Amino acid sequence: MSVRLADVIEVLDQVYPPRLAESWDSVGLVCGDPADVVDSVTVAVDATAAVVEEVPANGLLLAHHPLLLRGVDTVAASTPKGALVHRLIRSGRSLFTAHTNADSASPGVSDALAQALGLTVEAVLDRLPAATDLDKWVIYVPCEHADAVRAAVFDAGAGNIGDYSHCSWSVTGTGQFLPLDGASPAIGSIGTVERVAEDRVEVVAPARARAAVLAAMRVAHPYEEPAFDIFALIPPPADVGLGRIATLPHPEPLRDFVSRVGAALPATSWGVRAAGDPALLVSRVAVCGGAGDSLLGAAAAAGVQAYVTADLRHHPADEHCRSSAVALIDLAHWASEFPWCGQAAGVLRSHFGASLPVRVSTLRTDPWNVATRPGDGT
């Protein structure tokens with residue numbers, strides 16, 4: 001069975017929704033025709049020249065880091081990144097990136113890092129605020145007109161919950177009003193208090209349909225001044241966002257936990273370094289794949305003993321150590337995100353099976369390649 005690039009993109013967009021990407025990010029298809037058949041997928045953290053050479057003709061390179069993150073005005077083959085784009089296109093190869101959307105997705109980059117370290121994820125470290133996109137409508141209508149009002153708002157887009165439509169709830173009560181001079185009441189008369197058996201009808205509707213639902217309700221409602229309320233719904237906490245809070249199978253001293261981290265991840269010139277009491281017992285940990293010093297405050301408040309991330313700078317780390325007992329474990333950026341490659345490959349393998357070969361590039365694309373150790377002559 002042939003697999004189109006569009007089929008692969010559909011799966012990736014479901015697992016790593018583009019809406020989760022940061023506003024400054026650039027994710028999705030960089031080059032390639034969605035209608036083309038894809039013969040294989042190679043997964044890597046970075047789209048470097050060496051990695052591109054590994055991708056077979058008519059294959060897809062799924063990269064974590066965007067090749068073209070900043071605005072460009074040329075992809076000429078005389079530029080390093082332009083040359084890569086040309087090389088990909090000429091051989092029918094495609095490039096797709098899942099960056100901060102993969103960071104925040106569940107499961108995502110930090111879940112993969114936690115799994116590689118033998119941790120059990122409990123919660124999101126820094127949740128993304130969920131968008132409020134649903135309204136709750138409460139409409140008061142004479143009982144004999146309730147069905148007509150329901151039908152009208154359903155037709156306008158209200159009443160859908162998951163795989164169900166025409167959803168509503170109602171209870172009967174008594175409405176009261178006094179028509180004043182200038183009113184034209186459908187029920188009752190000027191100057192007389194009127195009490196009417198009314199249904200309280202509740203429905204949900206997308207916020208984008210607010211104007212359409214309002215117009216439909218007014219047309220179907222017998223009153224010239226219908227009584228209704230609109231409540232913007234607050235969604236339940238999402239399980240998406242940056243970083244994860246996780247637990248160890250058994251408490252262990254910080255020195256042992258640092259050794260665990262070093263053994264679990266690919267070796268880099270950066271290595272693994274830590275700040276904290278080596279004897280500190282660690283049982284609960286915060287992790288964030290990629291550069292994570294923006295979440296130092298969240299980690300300090302998370303009730304953990306250690307925080308594992310990458311690219312920690314001197315001054316933020318120093319300020320953290322002065323004010324928090326949470327130990328810091330600092331990794332190479334590439335190493336902290338490499339476990340995601342296996343996760344993404346697993347997603348595609350489970351969906352497409354033998355019809356689409358998927359491999360993880362083992363090339364180390366960490367830019368740091370020379371290190372000096374104490375006592376070395378290098």
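For clarity, every value in this text was computed on a predicted model and none was experimentally measured.
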Novice: Using modelled atom types and a 3.5 Å cut-off, is there a donor and acceptor pairing between side-chain atoms of T192 and backbone atoms of G188?
Specialist: no
Novice: Any side-chain donor-acceptor pair under 3.5 Å between R70 and S26?
Specialist: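 Absent: no donor and acceptor within the cut-off.
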Novice: Under the 3.5 angstrom rule, does the side chain of T309 hit a backbone N or O of C288 as a donor-acceptor pair?
Specialist: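 Answer holds: yes.
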Novice: Any carboxylate oxygen within less than 4.0 angstrom of a Lys/Arg side-chain nitrogen, looking at R244 and D111?
Specialist: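 The answer is yes: the pair qualifies as a salt bridge.
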Novice: Might you work through the ring pair (Phe, Tyr, Trp, His ring centres under 6.0 Å) test for Y140 and Y223, ending with a clear yes or no?
Specialist: CA-CA 10 Å; Y140 301 90; Y223 292 169; over 10 Å; no
Novice: Please assess H320 against H315 for the test ring pair (Phe, Tyr, Trp, His ring centres under 6.0 Å), listing each intermediate value before the final yes or no.
Specialist: CA-CA 8 Å; H320 170 90; H315 293 296; over 10 Å; no
Novice: Any luck finding a side-chain donor-acceptor pair between S184 and E224 under 3.5 Å?
Specialist: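 Their side chains do not contain a donor-acceptor pair, so the 3.5 Å distance test is not met.
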Novice: Decide yes or no on ring pair (Phe, Tyr, Trp, His ring centres under 6.0 Å) for H99 and H64, but give the supporting numbers first.
Specialist: CA-CA 5 Å; H99 190 211; H64 180 51; 5.1 Å; yes
Novice: Under 3.5 Å, is there a donor-acceptor pair linking the side chains of T100 and D25?
Specialist: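 Yes, because at least one side-chain N or O of T100 sits under 3.5 Å from a partner of the opposite role on D25.
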Novice: Ignoring hydrogens and geometry beyond distance, is a side-chain donor-acceptor pair present between T172 and D199 at under 3.5 Å?
Specialist: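 The answer is yes; a qualifying pair exists.
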Novice: Kindly give the heavy-atom pair with the smallest separation between A325 and L280, and that separation in Å.
Specialist: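 That would be O-CD2, 4.2 Å.
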Novice: Can you establish whether the number of heavy atoms outside Q305 located under 6.0 Å from its atom CD is more than 12?
Specialist: yes
Novice: Nearest 0.5 Å please: distance from the CG atom of L296 over to the CG atom of L312.
Specialist: 6.0 Å
Novice: Under a 4.0 Å N-O cut-off, is there an ion pair linking E202 with R200?
Specialist: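 A salt bridge is present here (some side-chain N lies under 4.0 Å from a carboxylate O).
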Novice: When you measure from the side chain of Y164 to the backbone of G159, do you find a donor-acceptor pair of N or O atoms at a distance under 3.5 Å?
Specialist: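 Between the backbone of G159 and the side chain of Y164 there is no qualifying donor-acceptor contact (under 3.5 Å).
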Novice: Starting at CG of D135, measure out to CH2 of W137 and round the result to the nearest 0.5 Å.
Specialist: 7.0 Å
